[in-house]
K.L.:
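First the structure, then my questions, so here it is.
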Amino acid sequence: MSEKKTNKPGHMAGLLVQLKKIFGLNIATIAFGVLLIYMVFTAVLLITSTHIESYQVTTGPLSRNETYTGLSIREESVFKAESSGYVNYYAREGSKINAGGAVYGLSSGKTSETSAALSSEDLAKIRSSMLSFSKSFSGSKFNNTYSFKNQLEGSILQYEGISTDGNASSQVVSIGGQNVCKAQEDGIILYSMDGYENKTVDTLTAEDFDQTSYHETDLKTDAQIQTGDNIYTNITSELWSLIIPLSDKQAAKLQGRTTIRVKFLKDGMTQSGDFSIVKIDEAKYGKIDFSRGLIRYASERFLDIELVTNTVTGLKIPLSANTYRDFYVISSEYSTTDANGVIGFNKVSKDSDGNTVKTFIKAGIYGKLVTGYDSSGKKEICDYYVDKSAFKEGDALVKNNSNQRFIVSETISLEGVYCINQGYPVFRLVEILDQNEEYAIISSSTSYGLSRYDRIARDSSQVKE
């Protein structure tokens, strides 16, 4: 029995040594254990807590403007060849031409050479035209080089041949073995036709808007043409119209408008036009009249456009982020600042001995409304919207350096959102300018409001301050 008693302490000591070897009980192990417990606790909190989804405030319109495909109607005429022969084109397609300018020439052969001695003034104009083309040249549009060559030849004829010819008043002039045809009116030259040249708004039908059956004929050719063949189109007025099909809903939305701004999706350019709603085959169509800009789209019969109707812009937020909160309304006349420039209010109360005590209260100000100016006309007088937790109803505030008092009582309910830039919610006022079923456009100039790229709680109901 005595042997067992003497061996027991040694046995226990050996056990402790073994445990120490296994667990390595030291400061590092204890610190690791505490950290592990903290991480597990944090993970449990993250899993079980409500996650607040954030939304980054952006700028832009409330919704995208609707897009349409418009049919272009303009004053234009197709001209026919005065005689037969091979064509030399002298006017650049899609460019303006003055009445009397050379459009094309007809000769018995495929080439026709003329010699001309130009004045120094005319040569300067040619050089200027070439320099302008060179600066705007793009390799991706190399075909424009041929059109410019035609235009240059026409300009040379204009300067030397047509302008000095004894039959300058005639529409066809013989120069260098070819008959040169001149434009009868100022206009925009096209070497194509599509059958819409004589269309007006009154003669349009619903079938005219079917692009699948639309066909354009290219009038340019290297072959010999005959007298009376169609050879070019001249658009003779800058006044033009776009006709767009409208649904009943779209027509109701646009009803009453007299002008509208249009964005052309081809090049992103915008311009305003006179707007009206017309009926074609008992269906409603929008008619947009323009007085400029036709030269950019002269070669297009159908144009994709966007009607710029959503003009209200600002900060865009989801409606689910909006909430209301009550504030005390306190005049800025009762505000003061501490040594650090922090705005607050002097609260007066009685101590246990019945003495009047003045205490500076730093109050959270969440907004303001300017109500006037002081006697100097420079300093604003406003109503501050103050956090209700700073005061109780009936608290008395005193003006700085005055005995005039203000009793806290008036409250106001204001709309706002919770900003979570710093990881905790801060109420910010919003001023809604426009809204739909999902989003609202708010002012970006609201005092104590939001700024672009702020992060807010998407669902205000999930926030607990």
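Just so you know, residue 1 is the first one in the sequence shown, and it goes up from there. From a predicted model like this one, the values you see are computed outputs, not experimental measurements.
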K.L.:
Taking the six-membered ring of Phe275 as reference, does the cationic atom of Arg257 (NZ for Lys, CZ for Arg) lie under 6.0 Å from its centre and within 45° of its axis?
P.N.:
no
K.L.:
Have Arg261 and Ser272 got a donor and an acceptor in their side chains that come within less than 3.5 Å?
P.N.:
yes
K.L.:
Between Ser460 (side chain only) and Asn322 (backbone N and O only), is there a donor and an acceptor less than 3.5 Å apart?
P.N.:
yes
K.L.:
Check for a donor-acceptor pair, side chain of Asp186 on one end and backbone N or O of Ala99 on the other, with a separation under 3.5 Å.
P.N.:
yes
K.L.:
Does any part of the side chain of Ile441, heavy atoms only, come nearer than 4.5 Å to the side chain of Ile432, both counted from C-beta?
P.N.:
no
K.L.:
With a 4.5 Å limit on heavy-atom distance, are the side chains of Lys316 and Tyr55 in contact?
P.N.:
yes
K.L.:
More than 12 foreign heavy atoms under 6.0 Å from NZ of Lys266: is that the case here?
P.N.:
yes
K.L.:
Using a 4.5 Å cut-off on heavy atoms from C-beta on, say whether the side chain of Glu75 contacts that of Glu197.
P.N.:
no
K.L.:
Show me, pair by pair, the donor-acceptor contacts under 3.5 angstrom made by side chains of residues 446-455, not counting sequence neighbours?
P.N.:
residue : atom : partner : partner atom : Å
Asp454  : OD1  : Asn421  : ND2          : 2.9
Asp454  : OD2  : Ser451  : N            : 2.8
Arg455  : NH1  : Ser54   : OG           : 3.3

K.L.:
Is there a donor-acceptor pair under 3.5 Å between the side chain of Asp281 and the backbone N or O of Ala283?
P.N.:
no
K.L.:
How long is the gap from CG on Leu414 to CD1 on Ile412, to the nearest 0.5 Å?
P.N.:
4.5 Å
K.L.:
Quick one: does Asp353's side chain have a donor or acceptor within less than 3.5 Å of a partner on Asn355's backbone?
P.N.:
no
K.L.:
Any side-chain heavy atom of Gln250 within less than 4.5 Å of one from Tyr68?
P.N.:
yes
K.L.:
Looking just at side-chain N and O atoms, do Arg296 and Gln271 make a donor-acceptor pair shorter than 3.5 Å?
P.N.:
yes
K.L.:
Taking the side chain as every heavy atom from C-beta outward, state whether Phe327 and Arg325 have any pair of such atoms under 4.5 Å apart.
P.N.:
yes
K.L.:
How about Phe290 and Phe264: are their ring centres within less than 6.0 Å of each other?
P.N.:
yes
K.L.:
Look up atom CD in Glu380 and atom CG in Asp374, then write down how far apart they are to the nearest 0.5 Å.
P.N.:
10.0 Å
K.L.:
Starting at CZ of Arg74, measure out to OG of Ser237 and round the result to the nearest 0.5 Å.
P.N.:
11.5 Å
K.L.:
For Tyr196 together with Tyr214, are the ring centres under 6.0 Å from each other?
P.N.:
yes
K.L.:
Is there side-chain contact between Val398 and Lys358, with heavy atoms separated by less than 4.5 Å?
P.N.:
yes
K.L.:
Check whether Tyr418 reaches the backbone of Thr323 with its side chain - one donor and one acceptor, N or O, closer than 3.5 Å.
P.N.:
no
K.L.:
Closer than 3.5 angstrom, by distance alone: can the side chain of Ser444 be matched with the main-chain N or O of Gly314 as a donor-acceptor pair?
P.N.:
no
K.L.:
When rounded to the nearest 0.5 angstrom, what is the spacing between CD1 in Ile189 and CD1 in Ile235?
P.N.:
9.0 Å
K.L.:
Output yes when a side-chain donor or acceptor of Asp194 lies under 3.5 Å from a complementary backbone atom of His215, and no otherwise.
P.N.:
no
K.L.:
Say whether Asn230 and Lys80, considering side chains only, have a donor N or O and an acceptor N or O under 3.5 Å apart.
P.N.:
yes
K.L.:
Tell me yes or no: between the side chains of Ser389 and Asp387, is some donor less than 3.5 Å from an acceptor?
P.N.:
yes
K.L.:
When you compare the side chains of Thr212 and Asp210, does any donor N or O come within less than 3.5 Å of an acceptor on the partner?
P.N.:
yes
K.L.:
Under a 3.5 Å distance rule, please check whether Trp240 uses its side chain to pair with a backbone N or O of Ala298 as donor and acceptor.
P.N.:
no
K.L.:
Hey, could you give me the CG/OG1 distance between Asp304 and Thr67, rounded to the nearest 0.5 Å?
P.N.:
7.5 Å
K.L.:
May I ask you to check whether Tyr285 and Phe209 place their ring centres under 6.0 Å from each other?
P.N.:
yes
K.L.:
Just by distance, do the side chain of Tyr232 and the backbone of Tyr104 share a donor-acceptor pair under 3.5 Å?
P.N.:
no
K.L.:
Relative to Phe391, does Lys347 satisfy both conditions: NZ or CZ under 6.0 angstrom from the six-membered ring centre, and within 45 degrees of the ring's axis?
P.N.:
no
K.L.:
I'd like to know if the side chain of Asp351 reaches the main chain of Gly354, judged simply by a donor and an acceptor atom lying under 3.5 Å from each other, with no hydrogens or angles considered.
P.N.:
yes
K.L.:
Apply side-chain hydrogen bond (donor to acceptor under 3.5 Å, both in side chains) to residues Ser192 and Asp218 and explain how you reach the verdict.
P.N.:
CA-CA 5 Å; Ser192 61; Asp218 186 3; over 6 Å; no
K.L.:
With side chains defined as the heavy atoms from C-beta onward, is the minimum distance between Ile243 and Val201 less than 4.5 Å?
P.N.:
yes
K.L.:
Pair up each side-chain donor or acceptor in residues 328-338 with any protein partner under 3.5 Å, not counting sequence neighbours, and list the distances.
P.N.:
residue : atom : partner : partner atom : Å
Tyr328  : OH   : Glu393  : N            : 3.0
Ser331  : OG   : Glu333  : N            : 3.2
Ser332  : OG   : Cys382  : N            : 3.0
Ser332  : OG   : Cys382  : O            : 3.1
Tyr334  : OH   : Gln404  : NE2          : 3.4
Tyr334  : OH   : Arg405  : O            : 3.4
Ser335  : OG   : Ser332  : O            : 2.6
Thr336  : OG1  : Asn400  : ND2          : 3.4
Asp338  : OD1  : Asn340  : N            : 2.9
Asp338  : OD1  : Gly341  : N            : 3.0
Asp338  : OD1  : Val342  : N            : 2.8

